[in-house]
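Working notes for the structure below.
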Amino acid sequence: MKSAILIGAGQRGIHAYGAYAIEKKEKLKFIAVAEPNEFKREYFKKLHNIDENYSVKDWKNLIKFGKIADFVVISTMDKLHKEPALEFLKLGYDILIEKPVSTNIEDSVEIIKKAKELKRFIMPCYVLRFSEFYSEIKNLIKNNKIGKIISIEQNENIGYFHMAHSYVRGRWNNSIETASIILTKSCHDLDIIQWLIDKPCKSIFSYGNLSLFNSINKPNNSSDKCLECSVEEECPYSAKKLYLNMELKGWPVDTITNDLSYEGRLNALKNTQYGTCVYTCDNNVLDNQTVLMEFEDGINVVFKLNAFTHDKTRIIKISGSHGEIIGNFEKNIIEIFDFINDTKEIINIKPEYVSAHNGSDFKLMDFFINFIDSNKNIDYFNLIESHFMAEAAEISRINKSNIDYLKFKNSFIK
């Protein structure tokens, strides 16, 4: 059994990593937690039976104990990753860190270089790699099921309600405070694209904008607060429709208040930005973006993130010389079209675990715990390949220019 420290007992800390330790007691035990929110800290401490001395408000108070666990899980807000990552690496810890590793590429590179220097393993939480869905697609490609890959289309359908919650009203709504949405939301997708292709990216071009969620599109006669709005019933982004739906008990309601009673939710809408009109928030991240990529061997890739979808899912289409693969992540369905025999095969994926991201949160934990004892070689900079790609895409979008990707990446790691 491995022991771990949790830095940041928020949604992911409690419901992904903490939940794994509860279900897999023979594999993992959290022995310490650092969390500034007293309610969340006390909840995690009691749930995992953590000693009072090891339950702290500030992670710096754990440094004085030295190395007391096998690894550290960092699941704070993104901009708070760098300092604890560097300090715990110095103490000899391996680290599981929420994506992105940091909110800018320079800090991410610094963290990775430190891990390499100290020969410690640091793994961003790219949960898609560990899903049965994308693992099956990887195997289909490896086994030449559709011949030579010609092109890939990956769509991240954010979902209109998810966009409003997390990227308009929520914590990731402003790139100055966090980072670009292509990094904070879609480094998952950029990672899975390069992981599936397993060849170098050569060039990147991107365009996108904030097309809807701004004051220009604010409806006539609308109010700044949904609770006071005369046109709220006609608005698909109504805070009342989402957060006052008493059938919803978990995400996203439990991220706006600890009190899930009607009164508790109502109070949150009155006193936080989660009750603010989506057209008057301080958001600036894009609500749609397209990234065009060319990989080695002439493989062309289109990635799209889109807020204006009903379903919150990822859809992939891989075109090959002898066939085609189309998959829907949330539905766990993969369709394979064989051009030679003019046939279609449907694979229904059945995840091993019942957890977030179709069970891949727990699969990621299984991998990490096994890997830290494996002594395998680590391709350190591949760990943040998606971060380089996201940074290149954002620079391309801003400057309206094509990025020579390999030259761009090497300028940071030389």
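All values below were derived from every heavy atom in this structure, side-chain atoms included, with hydrogens, water molecules and symmetry-related copies excluded. Just so you know, these numbers come straight off a predicted model, no measurement behind them.
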Is [X] positioned over the aromatic face of [Y], cation under 6.0 angstrom from the ring centre and no more than 45 degrees off axis?
X    : Y    : value
K142 : W195 : no
K202 : F295 : no
K185 : W172 : no

With sequence neighbours left out, the residues meeting salt bridge (Lys or Arg N to Asp or Glu O under 4.0 Å) with D379 are none
Is the [X] ring parallel, tilted or perpendicular to the [Y] ring (thresholds 30°, 60°)?
X    : Y    : value
F371 : F121 : tilted
F412 : F408 : perpendicular
F362 : Y20  : perpendicular
F381 : F388 : tilted

Flag for [Y]-[X]: side-chain donor and acceptor within less than 3.5 Å:
X    : Y    : answer
S211 : D287 : yes
Q289 : S206 : yes
Y167 : H162 : no
S151 : N300 : no
N283 : N174 : no
N173 : D282 : yes

Does any N or O in the side chain of [X] come within less than 3.5 Å of the main-chain N or O of [Y], such that one atom is a donor and the other an acceptor?
X    : Y    : answer
R169 : T276 : yes
K249 : M246 : yes
T272 : L269 : no
H81  : V101 : yes
E35  : A9   : yes
S261 : G264 : yes

Is it true that atom OH of Y43 has more than 12 heavy atoms of other residues, nucleotides or ligands lying nearer than 6.0 Å? no
Take atom NZ of K79 as the centre, draw a 6.0 Å sphere, and report whether it contains more than 12 heavy atoms from other residues, nucleotides or ligands. no
Looking at every heavy atom in both [X] and [Y], which two are closest together, and how far apart are they?
X    : Y    : result
F303 : L190 : CD2-CD2, 4.3 Å
I403 : A392 : CG1-O, 3.5 Å
A115 : I122 : CB-CG2, 3.4 Å

Non-neighbouring partners of S75 that pass side chain to side chain donor-acceptor pair (under 3.5 Å), sequence neighbours left out: none
So how far is it from [X] [atom1] to [Y] [atom2], rounded to the nearest 0.5 Å?
X    : Y    : atom1 : atom2 : answer
I384 : K409 : CD1   : NZ    : 8.5 Å
I347 : E132 : CD1   : CD    : 13.0 Å
M389 : Y405 : CE    : OH    : 6.0 Å
I326 : E153 : CD1   : CD    : 9.0 Å

Salt bridge check: are D373 and K2 linked by an N-O gap of less than 4.0 Å? yes
